[in-house]
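Proteins get letters first, then strands, A, B, ... in listed order; numbering begins at 1 in each. This structure is a prediction, so every number in the text was calculated from the model and none was measured.
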2 protein chains.
Amino acid sequence: MDIKSKIGIRIKELREQKDMSQKDLSFFSNIDRSYIASVENGQRNISIVNIEKVSIALGISLKEFFNNDKFDNDSRSC
Amino acid sequence: MDIKSKIGIRIKELREQKDMSQKDLSFFSNIDRSYIASVENGQRNISIVNIEKVSIALGISLKEFFNNDKFDNDSRSC
DNA sequence: TTGTAGACTGGAGTCGACC
DNA sequence: GGGTCGACTCCAGTCTACA
């Protein structure tokens, strides 16, 4: 599975855990909502600066953001 | 400290641990060497696709790449 | 609430060269 | 081996709008 899709799924799962809408996340991260939608769907190649903004908006560190099976070398999650 | 600088330092420390030159890393990741130099110096906002390429070239997972104090919320490392 | 589309601007990333 | 420059292309990211 493509890294862009993994990132998108990760953002979506964290966002929903926090009961936030894309609009909420857009507001707190200061990133355009339509862009967040396309990132969540694995269509866009997000930069590290914006990944950090998203992490902060989600209330976690970058370390926690990437501390997930999806980002292991041999994930069987897909 | 800025996230771009943290990423740059992390790449440089991992690269040097593996005894690779910027040219080596450029070759294995298929990313331009001059661009890698500017990323290591915290001048560029690298995208997730290229962070993954660098991780693969360095022989580690993204999870390991970000599993570092620098990417914690309240790092005292600087 | 989310997906997507079109039009737009700035910057990511390439390439060649020089120190 | 590494830093940086200039010129280039193309996509990241914004904004508005509609289903």
Side-chain angles (χ1 to χ4, degrees), chain A residues 1-63 65-66 68 70-71 77-78, chain B residues 1-63 65-66 68 70-71 77-78:
Chain A
M1 167 174 256
D2 175 65
I3 184 63
K4 290 182 288 182
S5 302
K6 290 185 192 173
I7 289 281
I9 292 171
R10 181 70 172 142
I11 292 176
K12 184 168 191 170
E13 76 187 13
L14 288 165
R15 177 173 66 76
E16 291 178 342
Q17 272 175 30
K18 307 271 175 181
D19 259 309
M20 294 171 74
S21 65
Q22 288 183 349
K23 205 170 176 180
D24 295 331
L25 181 53
S26 167
F27 176 78
F28 289 118
S29 62
N30 214 22
I31 298 173
D32 189 67
R33 187 196 62 79
S34 72
Y35 182 67
I36 291 180
S38 60
V39 168
E40 284 194 358
N41 289 313
Q43 292 158 4
R44 296 294 201 110
N45 177 20
I46 192 174
S47 70
I48 188 60
V49 164
N50 280 331
I51 295 176
E52 191 194 31
K53 284 190 197 169
V54 167
S55 288
I56 293 171
L58 292 168
I60 64 175
S61 67
L62 265 184
K63 187 174 174 179
F65 184 93
F66 284 99
N68 184 273
K70 272 186 281 299
F71 305 115
S77 60
C78 300
Chain B
M1 169 174 253
D2 175 66
I3 183 63
K4 290 182 288 183
S5 300
K6 290 185 193 173
I7 288 280
I9 292 171
R10 181 70 173 144
I11 291 176
K12 183 166 189 170
E13 76 187 12
L14 287 165
R15 177 174 65 77
E16 291 179 343
Q17 273 175 29
K18 306 272 173 180
D19 258 309
M20 293 171 74
S21 65
Q22 289 182 348
K23 207 171 178 178
D24 294 332
L25 181 53
S26 167
F27 176 79
F28 288 119
S29 61
N30 215 23
I31 297 174
D32 190 67
R33 186 194 64 78
S34 71
Y35 182 67
I36 289 179
S38 59
V39 168
E40 284 193 357
N41 289 313
Q43 292 158 4
R44 296 296 199 108
N45 177 21
I46 192 173
S47 70
I48 189 60
V49 164
N50 279 333
I51 295 176
E52 191 194 31
K53 284 190 196 170
V54 167
S55 287
I56 293 172
L58 291 168
I60 65 174
S61 67
L62 265 184
K63 187 174 171 177
F65 184 93
F66 284 98
N68 186 273
K70 271 185 283 300
F71 304 115
S77 61
C78 301

Within the structure, does a side-chain N or O atom of B:N45 lie under 4.0 Å from either OP1 or OP2 of C:dG11?
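False: B:N45 side-chain N/O out of range (4.0 Å or more) of C:dG11 OP1/OP2.
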Within the pair A:R15 and C:dT1, is there a side-chain N or O less than 4.0 Å away from OP1 or OP2?
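A:R15 to C:dT1 OP1/OP2: no side-chain N or O under 4.0 Å.
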For [X] and [N], give me the distance from atom [atom1] to atom [atom2], rounded to whole Å.
X     : N      : atom1 : atom2 : value
A:E40 : C:dT1  : CD    : C1'   : 11 Å
B:K23 : D:dG3  : NZ    : C1'   : 15 Å
A:E16 : C:dT1  : CD    : C1'   : 11 Å
A:K53 : D:dT14 : NZ    : C1'   : 11 Å
A:K4  : D:dG13 : NZ    : P     : 12 Å
A:I36 : C:dT4  : CD1   : C1'   : 15 Å
A:E52 : D:dA12 : CD    : P     : 20 Å
B:N50 : D:dC11 : CG    : P     : 13 Å

Considering only heavy atoms from C-beta outward, does the side chain of [X] approach that of [Y] to under 4.5 Å?
X     : Y     : value
A:K63 : B:N68 : no
B:I11 : B:L25 : yes
B:L14 : B:V54 : no
A:I46 : A:Y35 : yes

Can you identify which nucleotide, out of [options], has its nearest atom closest to the [X] side chain?
X     : options               : value
A:Q22 : D:dG13, D:dG1, C:dT2  : C:dT2
B:N41 : D:dA12, D:dG3, C:dT4  : D:dG3
A:I31 : D:dT14, D:dG3, C:dT4  : D:dT14
B:S34 : C:dG16, D:dG3, C:dG3  : C:dG16
A:S21 : C:dT2, D:dG3, D:dT4   : C:dT2
A:Y35 : D:dT4, C:dT14, D:dA12 : D:dA12

Tell me what [X] touches on the nucleic acid: a base, only sugar-phosphate, or nothing, going by heavy atoms under 4.0 Å.
X     : value
B:D24 : nothing
A:D32 : base
A:S38 : nothing
B:Q43 : sugar-phosphate

Where is the tightest heavy-atom contact between B:F65 and B:F71, given as atom of each residue plus distance?
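Taking B:F65 first and B:F71 second, the nearest heavy atoms are O-CE1, 3.7 Å.
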Tell whether [X] reaches the base of [N] with its side chain through a donor-acceptor pair below 3.5 angstrom.
X     : N      : value
B:S47 : D:dC11 : no
A:R44 : D:dG13 : yes
A:R33 : C:dG3  : yes

Within the 3.5 Å criterion, strictly below it, is a donor on B:N41 or B:S38 matched to an acceptor on the partner's side chain?
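Looking only at side-chain atoms, B:S38 and B:N41 do not form any donor-acceptor pair under 3.5 Å.
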Using heavy atoms to find the nearest nucleotide of DNA chain D for A:V49 and B:M20 separately, return the residue whose nucleotide is more 5′.
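On the 5' side of the pair lies B:M20.
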